[in-house]
Visitor: 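Before we start, here is the structure in question, set down as structure tokens.
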Amino acid sequence: MLPYIPTISRKVLTNQLRELEEDQLIVRKAFNEIPPRVEFSLSEKGESVLPILKVMKDWGGSMGLKIEQERTPS
């Protein structure tokens, strides 16, 4: 069910989603269906964080490779 975070518990996931919603970074949309369905999307405020996350991802990728090379004995 959670392919990107396989070890997270439902409780932790729920708490994190609530916190993100309270901070207005995500929008929660509940559907009146059986079984119940909920969808989350980024708010405008949440989308404003994407460029920062991309830079951090790029830095982590390049720095991670550098760190791995430094750890590997020649």
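Small disclaimer: the values here were computed from a predicted structure and weren't measured. Counting from 1, the numbers follow the sequence of the chain as shown.
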Visitor: Between L13 and V27, is there shared hydrophobic-cluster membership here, with clusters defined by ILVMFWY side-chain heavy atoms closer than 4.5 Å?
Guide: no
Visitor: Are R37 and E39 close enough that some pair of their side-chain heavy atoms sits under 4.5 Å apart?
Guide: yes
Visitor: Looking at CD1 of I52 and NZ of K57, how far apart are the two atoms once the value is rounded to the nearest 0.5 Å?
Guide: 16.0 Å
Visitor: Once you round to the nearest 0.5 Å, how far does CD of Q24 lie from CG of L42?
Guide: 13.5 Å
Visitor: Hey, are the side chains of L17 and R28 touching, using non-hydrogen atoms and a 4.5 Å cut-off?
Guide: no
Visitor: Under a 4.5 Å side-chain heavy-atom rule over Ile, Leu, Val, Met, Phe, Trp and Tyr, are V55 and L50 clustered together?
Guide: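 Result: no, two separate clusters.
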Visitor: Can L53 be reached from L25 by stepping across I, L, V, M, F, W or Y side chains whose heavy atoms are under 4.5 Å apart?
Guide: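 Linked within one cluster.
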Visitor: Rounded at 0.5 Å granularity, tell me how far CG in L20 sits from CG in N15.
Guide: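 The CG atom of L20 sits 11.0 Å away from the CG atom of N15.
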Visitor: Tell me which pairs pass side chain to side chain donor-acceptor pair (under 3.5 Å) where either residue lies in residues 42-52, with sequence neighbours left out.
Guide: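 Found none.
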Visitor: Who else is in the cluster with W59 when I, L, V, M, F, W and Y are joined by side-chain contacts under 4.5 Å?
Guide: M63, I67
Visitor: How far does NZ of K29 sit from CZ of F40, to the nearest 0.5 angstrom?
Guide: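 Atom-to-atom, K29:NZ and F40:CZ are 13.0 Å apart.
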